[in-house]
Amino acid sequence: MQSVTEYFTKMFVFNARATRKQFWIPYFATIVISALLAWATGAYKYFDANYVFHYQLTTGATIWLIYAIIVWIANFTMRARRLHDTNRSNWWILIAIVPLIGQIWLFILFLLPSKSDTRWPVNQSDAH
């Protein structure tokens with residue numbers, strides 16, 4: 001639960017590190033939360049390929065949009081902190097622009113173990 005809390009409360013912290021556990025637990029938790037929120041707000045119908053897209057600015061759609069923006073920002077900074085933990089710059093996020101191979105490469109970088117001596121000595125739990 002601490003990892004998920006830090007995921008949202010430290011969403012503007014770039015100059016820290018995040019361990020594999022601090023990265024993957026919130027990653028999968030936000031997938032579950034996103035699915036539940038999409039179902040609760042009715043936003044799930046916008047993900048159906050057969051649905052004729054008529055976006056309406058309803059309360060559910062607004063809640064979903066605000067949540068999606070918050071998760072996008074938190075996910076971006078979490079990726080940067082995870083790369084810092086492997087002693088890489090957050091500019092490595094841009095490797096994802098390369099079709100298919102970039103996504104695979106970035107996924108492998110997220111799976112790498114932590115390095116003890118990095119340019120970012122502070123863990124996200126200790127960052128302010």
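All of these numbers come straight from a predicted model, not from anything done at the bench.
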Is there a path of hydrophobic side-chain contacts, each under 4.5 Å between heavy atoms, that joins L94 and I108? no
Show the nearest heavy-atom pair for residues M78 and P26, with the distance to one decimal. CE-CG, 4.4 Å
For I101, look at atom CD1 and say whether over 12 heavy atoms of other residues, nucleotides or ligands are found less than 6.0 Å away. no
I'd like to know if the side chain of H84 and the backbone of F14 have a donor-acceptor N/O pair within less than 3.5 Å. yes
Of all the heavy-atom pairs spanning L109 and R88, show the shortest one and how long it is. CD2-NE, 3.4 Å
Angle between ring planes, W24 versus Y27, binned at 30° and 60°: parallel, tilted or perpendicular? perpendicular
Supply the atom-to-atom distance L83 CG to T118 OG1, rounded to the nearest 0.5 angstrom. 12.0 Å
So, for R79 and L106, which heavy atoms are closest and what is the spacing to 0.1 Å? NH1-CD2, 3.5 Å
Is there a donor-acceptor pair under 3.5 Å between the side chain of N87 and the backbone N or O of R119? yes
Would a 4.5 Å heavy-atom cut-off, applied to side chains only, mark W64 and L37 as touching? yes
Clusters formed by hydrophobic residues whose side-chain heavy atoms approach within less than 4.5 Å: which one holds M1, and what are its other members? none
Within-4.5 Å side-chain heavy-atom neighbours: N75 and Y7: yes
Can you find a heavy atom in the side chain of S3 that is under 4.5 Å from one in the side chain of F23? no
Using the rule that Ile, Leu, Val, Met, Phe, Trp and Tyr join whenever any side-chain heavy atoms are under 4.5 Å apart, tell me whether W72 and F28 fall into a single cluster. yes
When Ile, Leu, Val, Met, Phe, Trp and Tyr are grouped by side-chain heavy atoms lying under 4.5 Å apart, directly or through other members, which residues fall in the same group as W120? none
Sequence neighbours excluded, the answer for ring-ring contact (aromatic ring centres under 6.0 Å, His included) partners of W91 is none
R17 CZ to K115 NZ distance, which is reported to the nearest 0.5 Å: 12.0 Å
With side-chain contact (heavy atoms from CB on, under 4.5 Å) as the criterion, how do Y67 and I33 come out once you've worked through the C-alpha distance, each side chain's angles and the decisive distance to 0.1 Å? CA-CA 10 Å; Y67 172 77; I33 293 169; 3.3 Å; yes
Atom CZ of F76 and atom CG of N90: how far apart are they, to the nearest 0.5 Å? 6.5 Å
Partners meeting salt bridge (charged side-chain N to carboxylate O under 4.0 Å, His left out) with R82 (sequence neighbours left out): D85
Do the side chains of I25 and V4 get nearer than 4.5 Å, heavy atoms only? yes
Atom pair CG/OG1 of L65 and T41 - distance to nearest 0.5 Å: 10.5 Å
Are I104 and F110 connected in the hydrophobic side-chain network, where two residues link if heavy atoms are under 4.5 Å apart? no
By ring-ring contact (aromatic ring centres under 6.0 Å, His included), W105 pairs with (sequence neighbours left out) W92
Are I97 and F107 in one and the same hydrophobic cluster, where Ile, Leu, Val, Met, Phe, Trp and Tyr link if side-chain heavy atoms are under 4.5 Å apart? no
Listed partners of Q103 passing side-chain hydrogen bond (donor to acceptor under 3.5 Å, both in side chains), at least two apart: none
Any sub-3.5 Å donor-acceptor pair from R20's side-chain atoms to L111's backbone N or O? yes
Do R81 side-chain atoms and K10 backbone N/O form a donor-acceptor pair below 3.5 Å? yes
Membership question, hydrophobic clusters at under 4.5 Å side-chain separation (ILVMFWY): are L36 and I63 in the same one? no
